[in-house]
Amino acid sequence: MAVMKPIASLDIPTGEEWLYEIKYDGFRCVMHWDKDSIRLTSKNGKNLTESFPEIVEFCSEHESTVANFLPLILDGELVVLNTDYQANFALVQQRGRLKDSTRIKQAAEERPASFLAFDIIGLHGTSIEKEPLLKRKETLATVFQQIGKGKTLSFVPGHSNPKQLWDILFDHKGEGLIAKRKNSTYQVGKSHRDWYKIKNWRKLHGFLTTYDSQNNYFTVGIYQGDDVTEIGKCAHGLRETVFATLKELFLTNGEKRGAFYHLPPAICAQIHSLDLYKNELREPAFASLLPHEQPSTMTRKRLKLDMAMLPETIELTNTDKTFWPKPGYTKGDLLTYVREISPYMLPFLKERALTIIRSPDGVEKDFFYQKHLPEYAPNFIERIPAGDNEFLLTCEGLDSLMWYANHGTVEYHIPFQKRASEYPTEIVFDLDPPDRNSFPLAIEAASLLKELLDQLNLISFVKTSGNKGLQIYIPLPEQSMSYEQTALFTQAMAWTIEKAQPKSFTTERMKKNRGGRLYIDYVQHGKDKTIIAPYSTRKTPEATVATPLFWNEVKDGLSPEQFTIHNVPGRVKKLGCPFSDYQLAKQKQQTESILTLIT
DNA sequence: GGTTAGC
DNA sequence: GCTAACCAACGCCCA
DNA sequence: TGGGCG
Ligand SMILES: [Mn+2]
Ligand SMILES: [Mn+2]
């Protein structure tokens, strides 16, 4: 299926005539949607229909909503989304390779794909390629008004402010932007000057070790300790004269082995790349040569920081300082973690007054709680007045999060209500075993609680606290219950659990009276109480994270130490965020059963 | 981590 | 100019 | 009222 292809560009074209879209990393795909017939075709003509049954199923179910438009042709990107702004190419690629329909079905269940439509080129069976882009976008919007909101099939909106869009994209570490001329027609191929792609390149540092005279590629290496590791091969991006000089250098001074010419680490370069996947750079290209830099500085550690794309809004200090001595994680690792996890974590921090724990010299050194913003804090942190010329802490975006992390914040605690609201946004059960060894008690209690909540038809979520226990969330619709009501419910449930297994569970507050039993901390849910935020790091020796779980993970073998700043970002990308449907559940939650129970 | 009193 | 000291929460419960 | 608790 021949499609209109964007032309690579290093900078964003600006002006009134341009419309901007998020670029997603997936399969470029055209959807032919006719009555009782959905066909997905890649840009190379490959039929993808069988590989993405969830898309086909969604369309079939919603066919009646678009009956008036059929047959229609949508152009878009077939993706597996990590977040609204970042797609997971590795996963969509794996999906495309699956042959067995059972395995395809399973993958569609675990990580469902989305078709993100950015253009419509056929309507009522006739081509509308000659209509201007803005008109096609309007048509597309009309079609999607009928289909409705949904994750499986959605609409990529155009934006007029590229700076704003780039900021969002940067915060989410998205793939890039597409700039499209508003009045342009749809022209297959690349012979146009109307669509440009601007990628969100990571800029990393390495040295060149080998020249391959067969294909003109240079191998990029870095130091890993004293050893040199190769991370990719690079040919494009240099001016012709520079490239020729570089080639000549390798040919004359390099040690020849077959078609290869080797040099010891000396020539340094800045490289553009989309990502590092399995120690291999994706789409690397030269940005520039760095004649004044030392190859000894091009280390694995520096690569990690380069790939993290930490915001440059504030100066990030002491990135080498050890914060978790036991596993050897540094402040740089903390900053990298919060940067990576922010799209998943920020929704739970926004619009709430925070209580943080800071431990500026690492988790084994002095720490303190903080609820008020110091006067010297940057202006981009929103201030909630709290009398006495004091202001409560807020965290509305990545820049704020980075500022907190740079100040040695290792824990983020949040209240159950948003600022300027009296109503809890969720009910949370806090299950505290006496120690890590008793974590199985938390698994037991959580499973029991889950059964009870299921019987009440309540949607619940579970996370590790990152310390010793588990916490169970019941999202509530806006202003649906008061704290007085939720208190009655948490107390009733706590007593039910305690009564069910009094030898294992207790609501006794005094530690000395608990006798090795798990504490059902129902007091912890209330106004002005706080709970550790999802994905917050913890001040534990192992650098554990308060980690959202899938309910089917709550079983023997689960333990809090399995989830650390080292592996949680990867876990969330691979498995998805178990709390991704939290907002949806909040809307759908039926609280009648709770209200009945407490009256 | 940032600020400030004291040397 | 440097170092050291100082500062950075709070509400509820019950003996 | 202050120590325990989170
Ligand atoms: Mn607790
Ligand atoms: Mn310090």
Side-chain angles (χ1 to χ4, degrees), chain A residues 313-323 330-332 334-335 338 352-379 381 383-384 386-395 399-417 422 424 428-436 442 463-472 483-484 486-487 490-491 494 506-515 517-533 536-540 546 560:
Chain A
T313 319
I314 55 158
E315 193 196 350
L316 303 170
T317 53
N318 294 320
T319 52
D320 280 340
K321 187 192 272 187
T322 300
F323 257 46
T330 62
K331 192 179 167 195
L334 172 65
L335 291 163
V338 295
R352 290 170 205 267
L354 306 182
T355 304
I356 58 176
I357 296 182
R358 288 174 53 198
S359 198
D361 294 317
V363 298
E364 294 184 359
K365 298 288 176 54
D366 289 345
F367 71 93
F368 52 89
Y369 284 79
Q370 190 163 348
K371 294 189 72 158
H372 298 283
L373 202 60
E375 211 162 312
Y376 60 79
N379 288 328
I381 297 184
R383 286 155 167 78
I384 302 177
D388 226 34
N389 205 20
E390 293 273 24
F391 298 92
L392 301 183
L393 307 178
T394 65
C395 187
D399 288 335
S400 304
L401 194 56
M402 296 306 293
W403 187 79
Y404 287 124
N406 191 52
H407 275 60
T409 303
V410 287
E411 297 198 1
Y412 300 80
H413 298 254
I414 50 175
F416 300 97
Q417 80 276 1
E422 297 282 297
V428 179
F429 292 96
D430 185 19
L431 306 174
D432 293 337
D435 49 61
R436 282 275 178 84
K463 80 178 209 286
T464 65
S465 73
N467 193 6
K468 292 182 299 194
L470 290 170
Q471 291 159 347
I472 286 135
Y483 274 113
E484 289 71 33
T486 58
T490 51
Q491 192 172 88
T506 179
T507 55
E508 167 63 53
R509 252 175 54 87
M510 292 301 278
K511 268 188 173 175
K512 56 176 181 180
N513 298 333
R514 289 185 201 159
R517 291 174 292 178
L518 173 142
Y519 176 45
I520 311 156
D521 186 1
Y522 67 89
V523 185
Q524 192 58 28
H525 183 270
K527 189 166 158 53
D528 297 322
K529 300 284 199 208
T530 62
I531 192 159
I532 191 73
S536 174
T537 47
R538 298 305 308 258
K539 198 177 68 56
T540 56

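Below, each value reflects all heavy atoms present in this structure, side chains not excepted, and no hydrogens, waters or symmetry copies.
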Participant: Measure from the side chain of A:Gln370, starting at C-beta and using heavy atoms only, and say which of B:dG1, C:dA9, D:dG6 lies closest.
Facilitator: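 Nucleotide nearest to A:Gln370's side chain: C:dA9.
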Participant: So does A:Lys321 pair up with A:Asp361, basic N to acidic O under 4.0 Å?
Facilitator: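 Here A:Lys321 pairs with A:Asp361 in a salt bridge, since their nearest N and O are under 4.0 Å apart.
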Participant: Looking only at atom P, what distance separates C:dA8 and D:dG6, rounded to whole Å?
Facilitator: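 About 25 Å, rounded to a whole number of Å.
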Participant: Find the distance A:Ile357:CD1 to C:dC7:P and express it as a whole number of Å.
Facilitator: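 After rounding, the reported distance stands at 20 Å.
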Participant: What are the two closest non-hydrogen atoms of A:Thr530 and A:Pro415, and how far apart are they?
Facilitator: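 Nearest pair, atom of A:Thr530 first, then A:Pro415: CG2-N, 4.0 Å.
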Participant: For every nucleotide of nucleotides 10-15 of chain C, 5' to 3': is a protein heavy atom under 4.0 Å from its base (B), only from its sugar-phosphate (S), or from neither (-)?
Facilitator: S-SB--
Participant: With sequence neighbours left out, write down each residue that passes side-chain contact (heavy atoms from CB on, under 4.5 Å) with A:Arg514, or none if nothing qualifies.
Facilitator: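 By the side-chain contact (heavy atoms from CB on, under 4.5 Å) rule, A:Arg514 matches A:Thr506, A:Glu508, A:Lys511, A:Tyr519.
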Participant: Rounded to whole Å, please give me the gap between CD in A:Glu390 and P in C:dA9.
Facilitator: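 Atom CD in A:Glu390 sits about 7 Å away from atom P in C:dA9.
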Participant: Taking 4.0 Å as the cut-off, does a side-chain nitrogen or oxygen of A:Asn406 come that near to OP1 or OP2 on B:dG1?
Facilitator: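 No, no such contact exists.
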Participant: Give the rounded distance in Å between these two atoms: CZ of A:Phe429 and C1' of D:dG6.
Facilitator: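 Interatomic distance, CZ of A:Phe429 to C1' of D:dG6: 18 Å.
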Participant: Using the rule given for side-chain contact (heavy atoms from CB on, under 4.5 Å), can you reason through A:Ile314 versus A:Asn406, listing the C-alpha separation, both sets of side-chain angles and the distance that settles it, and then say yes or no?
Facilitator: CA-CA 9 Å; A:Ile314 55 158; A:Asn406 191 52; 4.2 Å; yes
Participant: Rounded to the nearest angstrom, tell me the gap between atom CG in A:Leu373 and atom C1' in C:dA9.
Facilitator: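 Going from A:Leu373 (CG) to C:dA9 (C1'), I get 15 Å.
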Participant: What is the distance, rounded to the nearest whole Å, between atom CD1 of A:Ile531 and atom P of D:dG6?
Facilitator: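 One finds 13 Å between P of D:dG6 and CD1 of A:Ile531, rounded.
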Participant: Can you tell me how the ring of A:Tyr369 sits relative to the ring of A:His413, calling it parallel under 30°, perpendicular over 60° and tilted otherwise?
Facilitator: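 A:Tyr369 vs A:His413 ring planes: tilted.
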Participant: Using a 4.0 Å heavy-atom cut-off, does A:Tyr376 contact any base of the nucleic acid, only the sugar-phosphate backbone, or nothing at all?
Facilitator: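 It contacts sugar-phosphate atoms only.
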Participant: At under 4.0 Å between heavy atoms, what does A:Lys468 touch on the DNA or RNA strands: base, sugar-phosphate, or nothing?
Facilitator: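 A:Lys468: no heavy atom of the nucleic acid under 4.0 Å.
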Participant: What is the distance, to the nearest angstrom, from the CZ atom on A:Phe368 to the C1' atom on B:dG2?
Facilitator: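 Distance, rounded to whole Å: 10 Å.
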Participant: Between D:dG6 atom P and A:His413 atom NE2, what is the distance in whole Å?
Facilitator: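 Nearest whole value for this atom pair: 13 Å.
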Participant: Calculate the interatomic distance between A:Glu411 atom CD and D:dG6 atom C1'; express it in whole Å.
Facilitator: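 The answer, rounded to whole Å, is 11 Å.
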Participant: The criterion is side-chain contact (heavy atoms from CB on, under 4.5 Å); which residues satisfy it with A:Ser359, sequence neighbours excluded?
Facilitator: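 Checked A:Ser359 against side-chain contact (heavy atoms from CB on, under 4.5 Å); matches are A:Phe367, A:Val410, A:Lys539.
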Participant: Expressed in whole Å, how much space separates the P atoms belonging to C:dA9 and B:dT3?
Facilitator: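 Rounded to whole Å, the distance is 16 Å.
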Participant: Determine, using ring centers only, whether A:His525 and A:Phe416 are less than 6.0 Å apart.
Facilitator: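 Yes, the ring centres sit under 6.0 Å apart.
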